[in-house]
Amino acid sequence: MSTECLKPQTGGPQSQSLSPGGQYGALASGTCLPPSTSVSWSLPRWRAYLAAAVLCYINLLNYMNWFIIPVFISCLLVSAPAFGYLGDRYNRKAILSFGILLWSGAGLSSSFISYQYSWLFFLSRGIVGTGAASYSTIAPTVLGDLFVKDQRTCALAVFYIFIPVGSGLGYVLGSTVAELTGNWRWALRLMPCLDAVALALLILLVPDVPRGAAEKQGEVAVRAPRSSWCEDVRYLGRNWSFVFSTLGVTAIAFVTGALGFWAPKFLFEARVVHGLQLPCFQEHCHSQDSLIFGALTVATGIIGVMLGAEASRRYKKVNPRAEPLICASSLFATAPCLYLALILASRTLLASYVFLALGELLLSCNWAVVADILLSVVVPRCRGTAEALQITVAHVLGDAGSPYLTGLISSVLQAERPNSYLQHFLSLQHSFLCCAFAIVLGGGCFLLTALHLEKDQARARQCGKGTLDSKDIASRNTESQGLLSGTRIPTE
């Protein structure tokens, strides 16, 4: 195969702009690089739907494994960027298979670790988080390459429905198996059987989809020049739709993290204030509030994801900025719901539950829509890196610290008040108000996303073969010209 020489662009600064073929960097400058050819690639619709069903099933198992015993989030955060890098450059099907083997093997082995080696048990659960990171980072990008437009929105909605379902089933499986067998470890020994089925289905039914296959409508790039990870990160840092939507997701994660950790305790203390529950001064108090809150989370998660996806699908027909506007509207509506749920808890517990459920429903409307935004504004070849960065930022600045911050504010407020159960409740109630402010900031971030959405979507469609921006182009052109002045790139 011979080298391919493109005609140089002329005209000063325009020589560093996007070429007519949608190429950046050395390709736009007319230098000789190994060729980037296009080949025909297509997949029957029924195969695409079957592959999507398998990916959704594995996502269910992923979160079931996670929430039987929650994993260490630090391992997920460390490994997600690495899997994002690998997912943009190597065989995604092989990486997904490795992730399943990793979390399945680690989960099974942890069930045989004795109590005296608790550190080893915690390490194995961290490895489960590493396997989960591979799937959470890469699987959405595969769906993005199988479907476009309305079909992609629906596929992402179904995919993200299995997050609350899998989380709830993980809790149920762990408690049920422990009750039936008297040993919670059997839940960890049961999951590898389901994981083995998932691995077989992945290998047999999910194709190795070329990146950008859906957008290219059957024509996919082969041997296109590959940008470095740093160049991909710089591109994402200047992609304002990605930046602002990531900050919006971080606000959502902040609130969901605080609610997941403190809401059961808050509801329990509200019941005590109403005289429906005796006070509890132990570290672990038995109550039905955790079960009620968990059931609300699962139910509102399923309904919310479906409503958000359907609203996005319909509204996009009349407004191209529908997705971030839906996210912003849902968050602005969530803020008063959370505020009323907190304030009314000391007066009427039923109203507090109603507004809390409504707030969670509105929050859940965003999950599939946000994923759709990312896939539409980021070029196919660095979507794995984008997913990884969004996951990392959302966890680090969101749910990893919000429970601690909420508890810290509550402790500071309590230190200045009389030591009574009512004041403990009021301190936690007032500390929760930071969630309402955070969710308003998140809504503002999505409004900013709407301002840049159409421009970034056009760039992603136009430069699907590259991820370099103007500054990277200049350095890449200079570097390429320097190399070519002395030697010629060898042919195959």
Nearest 0.5 Å, please: how far is [atom2] in [Y] from [atom1] in [X]?
X      : Y      : atom1 : atom2 : value
Leu307 : Ile302 : CG    : CD1   : 12.0 Å
Leu199 : Ile100 : CG    : CD1   : 5.5 Å
Phe432 : Ser410 : CZ    : OG    : 9.5 Å
Tyr49  : Leu146 : OH    : CG    : 10.5 Å
His395 : Gln390 : NE2   : CD    : 10.0 Å
Ser110 : Leu188 : OG    : CG    : 4.5 Å

Side chain of [X], backbone of [Y]: donor and acceptor closer than 3.5 Å?
X      : Y      : answer
Ser431 : Leu428 : yes
Asp399 : Thr256 : no
Gln429 : Leu342 : yes
Asn366 : Leu363 : yes
Ser330 : Cys327 : yes
Thr141 : Thr137 : no
Ser352 : Thr348 : no
Ser134 : Gly131 : yes
Lys93  : Ile203 : yes
Arg313 : Asp150 : no

Mind listing the closest non-hydrogen atom pair of [X] and [Y] along with its distance?
X      : Y      : answer
Ala52  : Phe147 : CB-CE1, 3.8 Å
Met306 : Ile161 : CG-CD1, 3.3 Å
Phe355 : Cys337 : CB-O, 3.5 Å
Ile95  : Phe83  : CG2-CD2, 3.8 Å
Ser124 : Ile113 : OG-CD1, 4.1 Å
Ala335 : Ala436 : CB-O, 3.9 Å

Legend entry - Stepwise side chain to side chain contact (heavy atoms under 4.5 Å, CB included) test for Val243 and Trp240: CA-CA 5 Å; Val243 171; Trp240 293 113; 4.2 Å; yes

Inset, instruction - Start with the C-alpha gap between Lys265 and Glu269, add the side-chain angles, then the distance that decides, and say whether salt bridge (Lys or Arg N to Asp or Glu O under 4.0 Å) holds. - result: CA-CA 6 Å; Lys265 178 177 176 59; Glu269 293 187 352; 3.0 Å; yes

Inset, instruction - In sequence, state the C-alpha distance, the side-chain angles, and the governing distance for Leu375 and Leu156, and then conclude on side chain to side chain contact (heavy atoms under 4.5 Å, CB included). - result: CA-CA 10 Å; Leu375 294 174; Leu156 289 171; 3.8 Å; yes

Residues, nucleotides or ligands: over 12 heavy atoms within 6.0 Å of [X] [atom1]:
X      : atom1 : answer
Tyr339 : OH    : no
Phe112 : CZ    : yes
Phe98  : CZ    : no

Legend entry - Aromatic ring pairing Phe266/Phe425, orientation class (parallel under 30°, perpendicular over 60°, tilted between): parallel

Inset, instruction - I would like to know whether Tyr353 and Leu296 meet side chain to side chain contact (heavy atoms under 4.5 Å, CB included); could you show each step before the answer? - result: CA-CA 9 Å; Tyr353 270 110; Leu296 282 178; 3.9 Å; yes

May I ask you to test the [X]-[Y] pair for a side-chain heavy-atom distance under 4.5 Å?
X      : Y      : answer
Val378 : Glu387 : no
Ser97  : Leu202 : yes
Arg211 : Arg383 : no
Leu61  : Met191 : yes
Cys434 : Thr406 : yes
Asn59  : Tyr135 : yes
Leu340 : Leu358 : no
Leu356 : Leu259 : yes

Inset, instruction - For a side-chain hydrogen bond (donor to acceptor under 3.5 Å, both in side chains) with Ser241, tell me which candidate from Thr246, Asp456, Thr449 qualifies. - result: Asp456

Inset, instruction - List the steps and the verdict of side chain to side chain contact (heavy atoms under 4.5 Å, CB included) for Thr297 and Glu360. - result: CA-CA 7 Å; Thr297 301; Glu360 286 204 288; 3.2 Å; yes

Legend entry - Identified side chain to side chain contact (heavy atoms under 4.5 Å, CB included) counterpart of Phe446 within the set Val369, Ile326, Leu331: Leu331

Legend entry - Sole residue of Leu60, Ile58, Leu143 in side chain to side chain contact (heavy atoms under 4.5 Å, CB included) with Phe159: Leu143

Inset, instruction - Would you kindly say whether Ser111 and Arg189 are connected by a side-chain donor-acceptor distance under 3.5 Å? - result: yes

